[in-house]
S.K.: 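Here's a structure for you.
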Amino acid sequence: MSTRKKILITGAAGFLGSHLCDRFIKEDYHVIAMDNLITGRLKNIEHLFPLENFEFYNHDVSKFIHIPGELDFILHFASPASPIDYLKIPIQTLKVGSLGIHNCLGLAKAKNARLMIASTSEVYGDPQVHPQTEEYWGHVNPIGPRGVYDEAKRFQEAITMAYHTFHNVETRIVRIFNTYGPRMRLNDGRVLPAFIGQALRGEDLTVFGDGSQTRSFCYVDDLVEGIVRLLHSDYAQPVNIGNPNEISISDFAEEIIQLTGTSQKVIYKNLPLDDPKQRQPDITKAKEILNWEPQIGRAEGLKRTYEYFQSLTDAELNEKDHYNFDKFIIK
Ligand code: UDP
């Protein structure tokens, strides 16, 4: 009998899920990876397929989940995670954050496993408190284009706390702020792959609005370290994990121009509806409880990320997303 701890990771073929698979394989866990491949890609985890302590289930977690044998941990990371994805697949976004988490919690209860959910800074909406602390309840438009994601994640936190208090399930809630790194999908519409893709294709960089809105970008390895520490802590309340180093989107575009050496310029487009104006995590809790703070600055993180995007094939680089985003832009 193997003494390895067993962990189920949902959304395992996605950007964050695949990095979590790598981390737990490195720590000699038995990793059960689950994904329905709507937004995830097998390419992100195919290097793990030959390993005896890795298995993959092509399964939609909003349907009943069956895992034979014992299970120690569940990381529920399945979800579309970019504004363009929620617009394309709003119902699946709602289902994975409601039916999906319900199935995962039922599984955690049955197996006596500890469960962590991937929550998000989107629970704060377009925040009126800056930087955002875990105590802030948020400013969310439930029926706007981001509502399907924001409300699913808020429901996910609510049901997770209910299983924790009512059924004594061991739960952890990580509120993830903007994260970047290798394996982001080039065409998911998020700002970093958008800008780097445009630079690599020789297109102008599209800044939405006047570019004064801010974000705070965390390198994926830092995020993964924070997640591992939170998982092994005894803290069941939500914890922000992100890099507090805040930058405006127009300054970020300039950084990408410097990084890539592109001779293209910035062009301005209309700001999407409900686009948060400011976002910066307050990470006091993560520092105090987990002794965690980010180690990798943007210069180093962007360098590593750019190397990944440079390694893509021309076909991957030119793959377009044919979805019409314009109808959701304020005219
Ligand atoms: N953005 C932009 N140009 C793009 C894509 C995004 O200016 O081509 C902006 C977007 O309007 C937002 C910020 O970049 O203000 C971050 O967008 P992203 O979709 O990466 O994530 P969000 O933090 O908004 O969920």
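Quick caveat, the model's predicted, so the values are computed rather than measured. Atoms within each ligand, like the ligands themselves, are counted from 1 in listed order.
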S.K.: Could you grab the distance from atom NZ of Lys88 to atom OG1 of Thr93, nearest 0.5 Å is fine?
M.R.: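 Here the interatomic distance stands at 10.5 Å.
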S.K.: Under a 4.5 Å cut-off applied to non-hydrogen side-chain atoms, are Phe177 and Ser216 in contact?
M.R.: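 With C-beta onward as the side chain, the pair stays apart.
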S.K.: Look at ligand 1 and say whether Gly189 reaches it with a heavy atom at a distance under 4.0 Å.
M.R.: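 A heavy atom of Gly189 does come that close to ligand 1.
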S.K.: For atom 13 (C) of ligand 1, what is the closest protein heavy atom, and at what distance to 0.1 Å?
M.R.: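 Going by distance alone, atom 13 (C) of ligand 1 is nearest to Ile249 CD1, 3.6 Å.
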S.K.: What protein heavy atom sits nearest atom 9 (C) of ligand 1, and how far off is it?
M.R.: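 Residue, atom and distance for the closest contact: Gln213 NE2, 4.0 Å.
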S.K.: Among all protein heavy atoms, pick out the one at the shortest distance from atom 25 (O) of ligand 1; state its residue, atom name and that distance to 0.1 Å.
M.R.: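 Its nearest protein heavy-atom neighbour is Arg146 NH1, 3.2 Å.
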S.K.: With a 4.5 Å cut-off on side-chain heavy atoms, are Arg146 and Glu122 touching?
M.R.: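 Heavy-atom side-chain distance check passes, below 4.5 Å.
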S.K.: Nearest to atom 21 (O) of ligand 1, what protein heavy atom do you find, and at what distance?
M.R.: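 Result for atom 21 (O) of ligand 1: Asn178 ND2, 3.7 Å.
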S.K.: Kindly assign one of parallel, tilted or perpendicular to the pair Phe195 and Phe252, based on the angle between their ring planes and the thresholds 30° and 60°.
M.R.: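 Taking Phe252 first and then Phe195, their aromatic rings sit tilted (interplane angle of 30° to 60°).
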S.K.: Is the closest heavy-atom distance from Phe252 to ligand 1 below 4.0 Å?
M.R.: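 For ligand 1, residue contact (heavy atoms, under 4.0 Å) with Phe252 is absent.
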S.K.: If the cut-off is 4.0 Å to any non-hydrogen atom of Phe195, which atoms of ligand 1 fall inside it?
M.R.: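 Under 4.0 Å from Phe195, ligand 1 has these atoms: 3 (N).
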S.K.: Hey, does Ile256 have a side-chain heavy atom less than 4.5 Å from the side chain of Leu302?
M.R.: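 Yes, their side chains come closer than 4.5 Å.
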S.K.: Return yes if some donor-acceptor pair links the side-chain N/O of Arg229 with the main-chain N/O of Asn291 below 3.5 Å, else return no.
M.R.: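 Checking the backbone N and O of Asn291 against the side chain of Arg229, a donor-acceptor pair under 3.5 Å is found.
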S.K.: Could you tell me whether Arg215 approaches ligand 1 through its side chain, its backbone, both or neither, with non-hydrogen atoms closer than 4.0 Å?
M.R.: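 It is the side chain that gets close, since no backbone atom is under 4.0 Å.
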S.K.: Could you tell me the residue and atom name of the protein heavy atom closest to atom 17 (O) of ligand 1, and the distance to it rounded to 0.1 Å?
M.R.: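 The protein heavy atom lying closest is Val191 CB, 4.0 Å.
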S.K.: To the closest 0.5 Å, what do you measure between CD1 (Ile247) and CG (Asn245)?
M.R.: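 If I round to the nearest 0.5 Å, the distance is 7.5 Å.
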S.K.: To the nearest 0.5 Å, what is the distance between CG on Leu48 and CD on Glu46?
M.R.: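 Result: 9.5 Å between the selected atoms.
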S.K.: Using a strict cut-off of 4.0 Å, indicate which atoms of ligand 1 neighbour a heavy atom of Ala194.
M.R.: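 Under 4.0 Å from Ala194, ligand 1 has these atoms: 8 (O).
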S.K.: Out of all atoms in ligand 1, which are within 4.0 Å of some heavy atom of Glu122? Include the element for each.
M.R.: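 In order of numbering, the contacting atoms are 25 (O).
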S.K.: Of the protein's non-hydrogen atoms, which lies at the shortest distance from atom 10 (C) of ligand 1, and what is that distance?
M.R.: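 Of every protein heavy atom, Asp275 OD2, 3.3 Å lies nearest to atom 10 (C) of ligand 1.
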S.K.: As an exercise, identify every atom of ligand 1 less than 4.0 angstrom from a heavy atom of Pro83.
M.R.: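 Counting atoms of ligand 1 from 1, those under 4.0 Å from Pro83 are 19 (O), 25 (O).
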S.K.: Considering only protein heavy atoms, which is closest to atom 1 (N) of ligand 1, and at what distance to one decimal place?
M.R.: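 Looking only at protein heavy atoms, the one closest to atom 1 (N) of ligand 1 is Phe208 CD1, 3.5 Å.
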S.K.: Which atom pair, heavy atoms only, marks the closest approach of Lys153 to Ser79?
M.R.: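 Closest heavy-atom pair between Lys153 and Ser79: NZ-CB, 3.9 Å.
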S.K.: May I ask you to list the atoms of ligand 1 that are less than 4.0 angstrom from any heavy atom of Val207?
M.R.: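 Here the atoms of ligand 1 in question are 7 (O).
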S.K.: Between Tyr29 and Phe73, how do the two ring planes meet: parallel, tilted or perpendicular, split at 30° and 60°?
M.R.: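 Tilted.
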S.K.: Nearest protein heavy atom to atom 3 (N) of ligand 1, by residue and atom, and its distance?
M.R.: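 Its nearest protein heavy-atom neighbour is Thr206 O, 2.5 Å.
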